[in-house]
Amino acid sequence: MASTRPRSVLLLVLAVAAIVSEAQLQLSETFYDATCPQAASIVQQKVNAFVDADRGLAAALMRLHFHDCFVRGCDGSVLLNSTDSMLTEKEALLNKGSLRGFEQIDEIKMELECACPGVVSCADILALVARDATAKVGGTSWPVFLGRIDGGASFADEVNSSLPERTDNFTQLVARFARVGLDTRDMIILSGGHSIGQVHCGAFFERLYNFQGLNITDPSMDPDFAAMLKVQCPQTQPFGFMALDATNGTFDSAYYLDLLTNKGLLESDVALLSDPLGVEYAIRAVQDPMAFLNEFGWAMIKMGAIPAIEPYGWRRHCAFVEPKY
């Protein structure tokens, strides 16, 4: 037994290294060791303070990394403000009014610039923040490989065709993830990011009030759960909020238990159980929550290695494009 654990750890390290090397050869856990050794600790301290003040920020900060990597790769382009000549990702229908955490990222970047001017990329900040926010609310930590180069462009019209949508079925979800190099297993596990966060009531009104245009509730939804939703989210309040799972604010595998007991909210969440592989992973996550937390970390490493389409340089301010450094 004594020799089994080191061997398993070695295999995990090799697997992660392979994931990173396939996408971006320059990524490394030690990338800033010589130029900004305090970078990770600065980010973690700031994230802990932000989430202590507003626990809901954990989901928002994790979500920024998702939305960044799925559009133009992990390049920090989701953080860019629009200009006279460029309507950026922030303004896209799927992002505007729903993404938050930009001010917190700017604050982290400002502190890093004071400590290590022109060194840490905005894309790397998003990767570190996603890890630290998840760990802060119950998830396990994972190694973050660094060295991403920020992009210099961001286009709103690229967002809707790139991000998964709440109405996607299983096949559509698989296809969207495949476009960025993620497989079906990655999709199912990363969907567990919905373990934290909230969604506008209107996002599931079709299932709740007008399933398939028939003015009925989706018959697959647990009746007691549906009744509760109708109290919390009356038709007159589409902009109200509802937690995405039963343990809102804690990162765990309750999301999958909700799906298995017919208490999922979004069509794209419920769609996971339309495929045997989705059912298998949901059951496994419920039976072994720690295994899910670890697998989520490995899937985040893989997502975080999606290469930037057009690397530009290290931006001194995450919301603006400046000359290269």
Side-chain angles (χ1 to χ4, degrees), residues 20 24 26-69 71-83 86 88-90 95 99-137 139 141-154 300-301 304-305 307-308 310-325:
V20 173
Q24 285 185 294
Q26 80 273 19
L27 297 187
S28 165
E29 274 193 277
T30 60
F31 189 83
Y32 295 116
D33 280 7
T35 56
C36 193
Q38 67 272 51
S41 62
I42 288 173
V43 173
Q44 185 178 48
Q45 289 169 12
K46 298 296 288 186
V47 169
N48 286 346
F50 292 144
V51 177
D52 280 338
D54 177 2
R55 196 170 178 86
L57 266 174
L61 293 172
M62 180 206 292
R63 192 175 177 220
L64 281 176
H65 189 38
F66 273 86
H67 282 233
D68 182 47
C69 291
V71 185
R72 306 184 70 79
C74 304
D75 66 347
S77 58
V78 72
L79 302 171
L80 286 170
N81 288 340
S82 293
T83 66
M86 184 172 66
T88 62
E89 295 165 33
K90 284 184 179 180
N95 288 341
L99 288 185
R100 67 188 187 111
F102 298 110
E103 296 84 0
Q104 287 75 21
I105 298 298
D106 288 342
E107 189 173 326
I108 292 170
K109 177 64 168 174
M110 183 165 47
E111 188 154 337
L112 286 168
E113 285 298 309
C114 289
C116 317
V119 173
V120 182
S121 70
C122 299
D124 277 344
I125 292 173
L126 288 178
L128 288 166
V129 163
R131 186 268 309 274
D132 294 340
T134 305
K136 178 65 175 173
V137 294
S141 187
W142 59 83
V144 175
F145 292 79
L146 303 165
R148 295 168 188 80
I149 301 174
D150 294 328
S154 178
M300 287 292 282
I301 292 170
E310 294 182 86
Y312 177 79
W314 279 261
R315 303 199 305 265
R316 287 188 182 272
H317 193 295
C318 292
F320 307 105
V321 177
E322 300 161 322
K324 295 181 180 181
Y325 293 98

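Atom CG of L57 is separated from atom CD of E103 by 9.0 Å, given to the nearest 0.5 angstrom. Distance SG/C74 to CG/D124: 9.5 Å, rounded to 0.5 Å. Taking CD from E89 and OG from S154, the interatomic distance works out to 3.5 Å, rounded to the nearest 0.5 Å. For the atom pair CD1 (I108) and CD1 (I125), the distance works out to 6.5 Å, reported to the nearest 0.5 Å. Atom CD of Q44 and atom CD of Q38 lie 14.0 Å apart (nearest 0.5 Å). Rounded to the nearest 0.5 Å, atoms CD1 (I42) and CD (E111) are 5.5 Å apart.
Heavy atoms only, all atoms of each residue included: A308 and P311 are closest at O-CD, 3.8 Å. Of all heavy-atom pairs spanning S121 and D150, the tightest one is CB-OD1, 3.5 Å. When all heavy atoms of C122 and K109 are compared, the closest pair comes out as SG-CE, 4.0 Å. Across V78 and L64, no two heavy atoms sit closer than the pair CG1-O, 3.9 Å. Nearest heavy-atom pair, D106 versus H317, reported as atom, atom and distance to 0.1 Å: OD1-CE1, 3.7 Å. Between M86 and N81, the closest heavy-atom pair is CE-O, 4.5 Å.
In this structure the side chain of D54 reaches within 4.5 angstrom of the side chain of R100, judged on heavy atoms. Within the 4.5 Å cutoff, side-chain heavy atoms of V43 are placed close to those of V129. Proximity of V119 to L112: side-chain heavy atoms (C-beta onward) are nowhere separated by under 4.5 Å. Put simply, the side chain of I105 reaches to within 4.5 Å of the side chain of L61, judged on heavy atoms.
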Walk me through whether R63 and D68 qualify under salt bridge (Lys or Arg N to Asp or Glu O under 4.0 Å). CA-CA 8 Å; R63 192 175 177 220; D68 182 47; over 6 Å; no
Let's go through L99 and H67 carefully: what are the C-alpha distance in whole Å and the side-chain angles of both, what is the deciding distance for side-chain contact (heavy atoms from CB on, under 4.5 Å) to 0.1 Å, and is it a yes or a no? CA-CA 9 Å; L99 288 185; H67 282 233; 3.8 Å; yes
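Here the side chain of K90 pairs a donor or acceptor atom with the backbone of L79 at under 3.5 angstrom. Checked by atom type and distance alone, the side chain of R148 pairs as donor or acceptor with a backbone atom of G304 at under 3.5 Å. Under a 3.5 Å cut-off, the side chain of R131 and the backbone N or O of W142 do form a donor-acceptor pair. Side chain of Q104 to backbone of F50: no donor-acceptor contact under 3.5 angstrom is found. The backbone N or O of G118 sits nowhere less than 3.5 Å from a side-chain atom of W314 that would complete a donor-acceptor pair. Judged by distance alone, with hydrogens and angles left aside, the side-chain atoms of T30 form no donor-acceptor pair with the main-chain N or O of D33 at under 3.5 Å. Proximity of a side-chain donor or acceptor of R315 to a complementary backbone N or O of G76 within less than 3.5 Å is detected. Judged by distance alone, the side chain of S82 and the main-chain N or O of T88 form a donor-acceptor pair under 3.5 Å.
Ion pairing between D132 and K46 fails under the 4.0 Å rule for side-chain N and carboxylate O.
Side-chain contact of Y312 with D75: a donor-acceptor pair under 3.5 Å is absent, judged by distance alone.
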